[in-house]
Amino acid sequence: MGFHFTPLLLTLLLFSTLHSRSSSQTFKCSTPSTCHSLIDYISPNATTFSHIKTLFSVKNIRSILAANNLPLSMLPNSTIPANQPIKISFPCMCINNTGHSNKQPIYTVQKDDGLFHIAAEVFSGLVTYQEIAAVNNITDVNLIKVGQKLWIPLPCNCDDVDGVKVVHYGHVVQPGSSLELIAQEYGTSKDTLVKLNGVNDSSLLAGQVLDVPLQVCNSSVRSDSVDYPLLVPNNTYLITANNCVKCKCDAANNWTLQCEASGIKPFNWSTCPAMQCGLLSINNSTTSGCNITTCAYAGFSKNQSIFTTLATGSTCPVTAAPGNYASRTGLSWNYLFISLHLILLLVYLL
């Protein structure tokens, strides 16, 4: 005999499924702090950067382009194909051992909206309806009004990982993926993913949001800079210093942050200040033998100043350290052994 599901039962099953995933949507933080995080957004339909900007309350499309390492020349109405992951950068707040987006995005309730629809479909399951209800003090999940403003608490994290600063990335698990594959793709370890998320391969679900720590490039930014710490993960860039500077991270460049003048109109400043290290412009280098000196970005202040510093590097070949006594002695005995054989051979021939 087959089962017959009533509309009410189907709704309860859907709600129950989403509730069962709610624990995996929450990222745990150990220290109260704020930072910037990343999260995947996967639209089931074709969309545009402009639509995503509005949906996630992003101030500028450049933020989306930078997080996805796309050229700044892309237009707001450029089409994004359905089911293509797009990384969203957003401010994160860790409080009460939980990380969530800091009072954004803000969603305006539309006609026929329900909390389940908003969580599961509008925001593609990045949050649960229970989480939206909790942060907005909604006691009856069936009672929301058209035009009501809802804070959508995206999961995030600001904690260091093994004592190292990282950018936490809410990765949406793809069908057929595994913790090992995800760890390899994003340069972390399976053990780290297990520790952060409390999951294993048997409990990993497609569509689940996984906390993945991303390594960031080393920078010369000063601790008194407005944008300190400047954390830029691999294959992304960031516009900083009131739009005057573009900083890019590329692991192939020895994990060293590369910053240059952005060429963008500054924000709140009439013009971008000079970015020099004496006669050397920012991101320009001089060489002496195999040593390289680069004018590096070091941060900015609110009084329209951009800091620079000279960073040194080397392309000199690394000489092998001398072996230990045992290896040197062993090598000497080998030479002696060979020499004796050559002498005996010469005596025999004569």
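Every value quoted in this text rests on a predicted model; they were computed, and no experiment measured them. The residues of the chain are indexed from 1 along the displayed sequence.
Residues passing the side-chain contact (heavy atoms from CB on, under 4.5 Å) test with E121, sequence neighbours excluded: H117. In this structure E180 satisfies the side-chain contact (heavy atoms from CB on, under 4.5 Å) test together with S178, Q184, K190, sequence neighbours excluded.
Within the model, atoms CZ of F90 and OG of S57 stand 12.0 Å from one another, a figure rounded to the nearest 0.5 Å. D250 contributes atom CG, which lies 6.0 Å from atom CG of N253 (distance to the nearest 0.5 angstrom). Separating the OH atom in Y297 from the CD1 atom in I282 is a distance of 8.0 Å, to the nearest 0.5 Å. Put simply, CD1 on I138 and CG on L150 are 5.0 Å apart, with the number rounded to the nearest 0.5 Å. Interatomic distance, K246 NZ to E260 CD, rounded to the nearest 0.5 Å: 6.0 Å. For the atom pair C277 SG and L310 CG, the distance stands at 4.5 Å (nearest 0.5 Å).
Between the side chains of S203 and N200, at least one donor-acceptor pair of N or O atoms lies under 3.5 Å. Side-chain N/O atoms of D227 and T240 include a donor and acceptor closer than 3.5 Å. Defined by atom type and a distance below 3.5 Å, a donor-acceptor pair is present between the side-chain atoms of N157 and D211. In this structure, a donor-acceptor pair under 3.5 Å is present between the side chains of D113 and Y107. A side-chain N or O of N303 and one of S301 form a donor-acceptor pair less than 3.5 Å apart.
The six-membered or imidazole ring of Y169 lies near that of Y186, with a centre-to-centre distance under 6.0 Å.
Taking the side chain as every heavy atom from C-beta outward, D201 and L179 approach each other to under 4.5 Å. For the pair H168/F27, no side-chain contact is recorded, criterion being any heavy-atom separation below 4.5 Å from C-beta on. With a 4.5 Å cut-off on side-chain heavy atoms, T271 and Q304 count as touching. Between C249 and Q215 there is no side-chain heavy-atom pair separated by less than 4.5 Å. Between P266 and C272 there is a side-chain heavy-atom pair separated by less than 4.5 Å. In this structure, V245 and S262 have side chains that are not in contact, with every pair of non-hydrogen atoms separated by 4.5 Å or more.
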* Asked: Given F123 and F56, is the ring pair (Phe, Tyr, Trp, His ring centres under 6.0 Å) satisfied, shown in steps?
  -> CA-CA 9 Å; F123 285 92; F56 284 90; 5.5 Å; yes
* **Residue pair N60, I239: steps toward the side-chain contact (heavy atoms from CB on, under 4.5 Å) verdict** => CA-CA 11 Å; N60 197 297; I239 306 297; over 6 Å; no
* Begin from the C-alpha positions of V199 and L210 and carry the test side-chain contact (heavy atoms from CB on, under 4.5 Å) through to its verdict. => CA-CA 9 Å; V199 297; L210 204 66; 4.0 Å; yes
* Could you go through the side-chain contact (heavy atoms from CB on, under 4.5 Å) check for N291 and T287 one step at a time? => CA-CA 6 Å; N291 295 312; T287 59; over 6 Å; no
* To do: May I have the step-by-step check of side-chain contact (heavy atoms from CB on, under 4.5 Å) for L38 and V167, ending in yes or no?
  => CA-CA 7 Å; L38 296 171; V167 169; 4.2 Å; yes
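Although no hydrogens or angles enter the test, the distance criterion places no donor-acceptor pair under 3.5 Å between the side chain of S177 and the main chain of Q174. With hydrogens and angles ignored, the 3.5 Å screen pairs no side-chain donor or acceptor of N243 with any backbone N or O of I264. Formation of a donor-acceptor pair under 3.5 Å by the T236 side chain with backbone atoms of P233 is found in this model. When atom types are taken as modelled, the side chain of S43 and the backbone of N45 share a donor-acceptor pair closer than 3.5 angstrom. Between the N197 side chain and the L193 main chain, a donor and an acceptor come within less than 3.5 Å of each other. A side-chain donor-acceptor contact under 3.5 Å links E131 to the backbone of T128. Between the side chain of S281 and the main chain of N284, no donor-acceptor pair closer than 3.5 Å is present. Under the 3.5 Å distance criterion, the side-chain polar atoms of Y237 are matched with a main-chain donor or acceptor of L70. Side chain of N68 to main chain of I64: a donor-acceptor pair is present (N/O by atom type, distance under 3.5 Å, no hydrogens or angles). With T79 contributing its side chain and T48 its backbone, the two residues share no donor-acceptor pair below 3.5 Å.
A continuous path of ILVMFWY side-chain contacts below 4.5 Å connects I52 to L65, so both sit in one hydrophobic cluster. Note on M74: it clusters hydrophobically with I86, by side-chain heavy-atom contacts below 4.5 Å among ILVMFWY residues. Both F49 and I88 belong to a single network of hydrophobic side chains, linked directly or stepwise wherever heavy atoms of I, L, V, M, F, W or Y lie under 4.5 Å apart. No chain of hydrophobic side-chain contacts below 4.5 Å, direct or via other Ile, Leu, Val, Met, Phe, Trp or Tyr residues, connects L257 to F307. Under the 4.5 Å side-chain heavy-atom criterion for ILVMFWY residues, no single connected hydrophobic cluster contains both I182 and L196.
Tested against C35, the residues C156, C92, C94, C158 include a single disulfide (SG to SG under 2.5 Å) partner, C158.
Applying the side-chain hydrogen bond (donor to acceptor under 3.5 Å, both in side chains) rule to pairs touching residues 87-106 yields nothing, sequence neighbours excluded. Annotation: salt bridge (charged side-chain N to carboxylate O under 4.0 Å, His left out) contacts involving residues 151-160, sequence neighbours excluded, comprise D160-K165. Residue pairs meeting the salt bridge (charged side-chain N to carboxylate O under 4.0 Å, His left out) criterion with at least one partner in residues 28-57, sequence neighbours excluded, do not occur; the list is empty.
Considering every non-hydrogen atom in both N69 and N235, the closest pair reads CB-O, 3.0 Å. Counting all heavy atoms, side chain and backbone alike, I152 lies closest to V127 at CG2-CG2, 3.8 Å. Closest approach of M93 and W151 over heavy atoms only: CE-CH2, 4.3 Å. Residues S124 and Y41 come closest through the heavy atom pair OG-CE1, 3.5 Å. The heavy-atom pair separating C244 from I306 by the smallest distance is CB-CD1, 3.9 Å. In plain terms, the two heavy atoms of C247 and V232 that are nearest each other are O-CG1, 4.1 Å.
D162 CG: 12 or fewer foreign heavy atoms inside a 6.0 Å radius.
Cluster note: L75 groups with no other residue, as no ILVMFWY side-chain heavy atom lies under 4.5 Å from it.
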